[in-house]
Asks: 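Below you will find the structure I want to go over with you.
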Number of protein chains: 2
Amino acid sequence: MIRINRETDYATAILGIMAEEPEACFSATGLAERRGLPGPVVSKILKQLARGGLLHSQRGAKGGYSLARDADAISIAEVIMAMEGPIALTDCIEGGGDACQFHAHCALSSNWSRINDAIYRALQDVSIKEMSAPLADDHQGLRDMGRHVRESLDVAGGRVMAFRSDHG
Amino acid sequence: MIRINRETDYATAILGIMAEEPEACFSATGLAERRGLPGPVVSKILKQLARGGLLHSQRGAKGGYSLARDADAISIAEVIMAMEGPIALTDCIEGGGDACQFHAHCALSSNWSRINDAIYRALQDVSIKEMSAPLADDHQGLRDMGRHVRESLDVAGGRVMAFRSDHG
DNA sequence: CTTAAATGGGACCAATTTGGTACTGTTTGA
DNA sequence: TCAAACAGTACCAAATTGGTCCCATTTAAG
């Protein structure tokens with residue numbers, strides 16, 4: 001069903017907390033408690049994110065994890081890639097063609113590749129900071145944060161739209 | 001790794017063949033031979049696509065499957081939905097919020113929902129007819145078929161980009 | 001110097017999902 | 001009547017996923 005796995009989902013939730021205090025240093029157990037998730041799971045996720053360069057880690061007592069970059073400079077695409085590897089809908093794309101057993105079908109991979117690019121950019125276009133923003137009463141926050149993606153979609157749908165001029 | 005499963009990939013390959021002769025009626029075994037895939041697998045896929053309303057089936061001798069609509073009116077999104085159910089990156093989206101165990105995280109689902117929409121539209125924007133089109137010498141076919149998606153991406157990226165001229 | 005708190009890196013396991021097969025029934029044209 | 005073809009479903013092996021556990025290493029604090 002084209003979905004990210006649960007750990008990646010947890011990862012965005014955890015990063016959402018961290019994005020609220022970008023300078024702070026968080027321990028795995030502390031984050032686990034705040035999210036109501038099992039400690040070992042959170043720990044595993046944080047290690048993976050650190051390996052992917054999204055988090056900086058400090059070992060030892062009083063150690064923990066902190067964002068390696070600004071919260072709005074870490075995209076969902078990066079989170080997914082850190083947790084699950086390259087974003088690729090089909091083996092053809094990731095394997096570079098070798099993974100595809102039949103030539104005729106490989107001709108199709110160009111299109112898969114395009115679709116893949118579209119998905120990648122949609123994911124690249126939302127930061128963890130935007131993901132963590134709570135719902136405002138007038139929902140304006142959400143309107144703004146999703147605008148970029150929505151506008152791109154409006155074009156895809158063949159409708160007229162305005163270019164964005166801020167945040168990004 | 002955010003990917004469609006193999007059967008769905010096969011489905012697009014099979015529909016690619018059918019899109020070349022939109023009026024023809026194909027048997028499961030015939031299609032299996034043309035693609036070099038196991039007969040039962042192809043049969044299973046075709047049944048599923050028929051159940052999803054993408055194919056019309058004719059039982060009995062001389063029966064088979066034919067496209068239920070024009071090849072350019074069947075999108076990749078529909079193929080994926082027929083094969084794998086709703087397109088949803090997270091359980092939150094598909095379950096309508098009930099599937100999400102913690103409230104704070106649910107606030108994030110609005111954004112997942114937007115990302116999901118973006119992906120859905122990218123998939124909705126490419127038809128099986130476009131997927132099946134072979135590479136022309138001047139690659140014009142590819143240019144045309146990916147245009148909508150690429151334009152949306154160009155905007156999303158906020159920069160002008162050159163069209164790619166091959167499929168690397 | 002010792003200890004406790006913390007990350008780093010795996011190994012490991014149960015449960016689910018996926019990929020594929022097999023079988024039985026139903027329809028239908030020749 | 002028969003064979004070709006779809007319909008449905010049960011089934012199984014392999015891979016993936018979700019989660020736990022363990023141990024080594026680092027480091028601040030007493």
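In what follows, chains are A, B, ... by sequence order, proteins preceding strands, each numbered from 1.
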Asks: Among dG20(C), dG19(D), dG8(C), which nucleotide has an atom closest to any side-chain atom of Ser57(A)?
Replies: dG8(C)
Asks: Establish, with yes or no, whether the OP1 or OP2 oxygen of dG19(C) is under 4.0 angstrom from a side-chain nitrogen or oxygen of Tyr10(B).
Replies: no
Asks: For dG8(C), does OP1 or OP2 lie under 4.0 Å from any side-chain N or O of Tyr65(A)?
Replies: yes
Asks: Please report, rounded to the nearest Å, how far the C1' atom of dC6(D) is from the CZ atom of Phe26(B).
Replies: 16 Å
Asks: With a 4.0 Å cutoff (strictly under), does any side-chain N or O of Ser43(A) reach OP1 or OP2 of dT7(C)?
Replies: no
Asks: dG9(C), OP1 or OP2 - any side-chain N/O from Arg51(A) closer than 4.0 Å?
Replies: yes
Asks: Looking at residues at least two apart in the chain, or sitting in another chain, which of them share a side-chain hydrogen bond (donor to acceptor under 3.5 Å, both in side chains) with Thr8(A)?
Replies: Asn5(A), Glu84(A)
Asks: Using salt bridge (charged side-chain N to carboxylate O under 4.0 Å, His left out) as the criterion, list what pairs up with Glu21(A), not counting sequence neighbours.
Replies: Arg34(A)
Asks: Tell me what Ala28(B) touches on the nucleic acid: a base, only sugar-phosphate, or nothing, going by heavy atoms under 4.0 Å.
Replies: sugar-phosphate
Asks: Whole angstrom is fine here: how far is it from CG in Asp9(B) over to P in dG20(C)?
Replies: 11 Å
Asks: If you find the nucleotide of DNA chain D closest to Gln58(A) and the one closest to Pro38(A), which residue's nucleotide is nearer the 5' end?
Replies: Pro38(A)
Asks: Expressed as a whole number of angstroms, how long is the span from Arg6(A):CZ to dT17(C):C1'?
Replies: 13 Å
Asks: Backbone N or O of Ala82(B) within a donor-acceptor pair of the Gln48(B) side chain at under 3.5 Å?
Replies: yes
Asks: Atom CD1 of Ile14(B) to atom P of dC6(D): distance rounded to whole Å?
Replies: 12 Å
Asks: Mind checking whether Leu123(B) and Ile80(B) have side chains closer than 4.5 Å, heavy atoms only?
Replies: yes
Asks: Can you find a donor-acceptor N/O pair under 3.5 angstrom joining the side chain of Arg59(B) to the base of dT26(C)?
Replies: yes
Asks: Starting at atom CG of Leu46(A), determine the distance to atom P of dG10(C), rounded to an integer number of angstrom.
Replies: 17 Å
Asks: Could you check how far NE2 of His56(A) sits from P of dT7(C), rounded to whole Å?
Replies: 12 Å
Asks: Judged by each residue's nearest nucleotide on DNA chain C, which is more toward the 5′ side, Ala61(A) or Lys47(A)?
Replies: Ala61(A)
Asks: Please give, in whole Å, the distance from dG8(C) P to Leu55(A) CG?
Replies: 10 Å
Asks: Taking atom C1' of dT7(C) as reference, at what distance in whole Å does atom NZ of Lys44(A) sit?
Replies: 16 Å
Asks: Hey, is the main chain of Ile87(A) close enough, under 3.5 Å, to the side chain of Asn116(A) for a donor-acceptor pair?
Replies: yes
